[in-house]
Amino acid sequence: MNELQALILGLVQGFTEYLPVSSSGHLELGKIILGPEAEAGGLTFDIVVHVATVLSTLVILWREVMWIFAGLFRFNGSMNDEQKYVINILISMIPVGVVGLFFKDYIESLYGDNVIVVVGCCLLVTSLLLALTHFYQPREKDKISPLHAFIIGVAQACAVLPGLSRSGSTIATGLLLGNSRKNLAQFSFLMVIPPILGEALLDFKHMFAPSAEYIAEHGGEMAVVPTSSLIVGFIAAFISGCIACKWMIALVKKCKLIYFAIYCAIVGAIALYCSTL
């Protein structure tokens with residue numbers, strides 16, 4: 001993978017991580033379009049750009065993160081709002097934890113030769129979810145309940161499928177449940193930080209000291225990506241992630257997600273058509 005390919009894929013990852021169009025799906029489509037050399041980046045490059053977008057979340061939502069930590073260890077006889085918020089985040093992590101423990105091999109198998117078909121179908125599902133939020137708008141609730149946090153977590157767990165947008169699925173699910181637009185985007189972006197960082201730490205360990213089983217699971221070899229390409233991809237994903245994160249928060253408040261539904265439907269249809277060629 002050269003620096004230009006890393007730049008393009010880093011921008012794709014950063015912009016699509018927060019926009020409801022599926023970063024994993026677009027990353028896979030981008031690799032296919034750019035050719036075998038770009039696909040050779042594999043796991044190493046994916047980890048680097050995902051960590052970059054998580055860091056962009058921390059930068060854009062630093063006030064909210066500091067608010068959580070400021071109240072997390074403050075005890076006055078009853079749970080405060082910050083502690084309840086953290087509990088909701090922990091509850092939302094349960095479904096994706098279950099998927100990671102028991103279905104990781106199956107999910108990774110979807111990134112094979114038929115990935116373009118999976119991406120196309122999942123983009124159409126993303127389109128349907130986003131379209132529903134345009135036509136069905138229940139009365140908004142002020143706070144996200146533990147039950148709703150779990151249901152939103154289920155949506156996040158389903159979004160490990162390539163082409164099923166994580167932000168699109170979680171935000172659409174939250175809106176359909178009647179949660180406040182103002183709080184939903186913030187919760188959606190913060191809830192993904194622990195699982196992505198946790199998975200990245202585990203994969204970083206395998207990158208530097210891969211076991212025989214891990215190497216076998218990833219095609220018999222670990223891809224070597226030039227350091228310059230990793231740096232370019234990281235910077236591109238981080239900067240574009242900051243832009244997309246701020247933009248998406250504003251869009252959710254205005255609830256203009258129907259345009260993304262149309263976009264996902266078009267790209268999904270094109271992907272399915274190309275899979276038949």
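In what follows, residues are counted from 1 in the order of the sequence shown.
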Checking [X] side chain against [Y] main chain: does a donor-acceptor pair fall under 3.5 Å?
{"X": "S188", "Y": "L184", "answer": "no"}
{"X": "Q83", "Y": "N80", "answer": "yes"}
{"X": "T173", "Y": "T170", "answer": "no"}
{"X": "S127", "Y": "L123", "answer": "no"}
{"X": "T126", "Y": "G163", "answer": "yes"}
{"X": "N179", "Y": "G174", "answer": "yes"}

Heavy atoms only: give me the nearest [X]-[Y] pair and the separation to one decimal.
{"X": "S240", "Y": "A236", "value": "OG-O, 2.6 Å"}
{"X": "Q5", "Y": "L34", "value": "NE2-O, 3.6 Å"}
{"X": "Q156", "Y": "S92", "value": "NE2-O, 3.9 Å"}
{"X": "F260", "Y": "V21", "value": "CD2-CG1, 3.8 Å"}
{"X": "A261", "Y": "A131", "value": "CB-N, 3.8 Å"}

When clusters are formed by joining ILVMFWY residues with side-chain heavy atoms under 4.5 Å apart, either directly or through shared neighbours, do [X] and [Y] land in the same one?
{"X": "I243", "Y": "Y263", "value": "yes"}
{"X": "L176", "Y": "V125", "value": "no"}
{"X": "I33", "Y": "L7", "value": "no"}
{"X": "L147", "Y": "I144", "value": "yes"}

Task: Nonpolar side-chain network containing L129, other nodes, edges under 4.5 Å - done: none

TODO: Give, for atom CD1 of I171 and atom CZ of R166, the distance between the pair rounded to the nearest 0.5 Å.
DONE: 7.5 Å

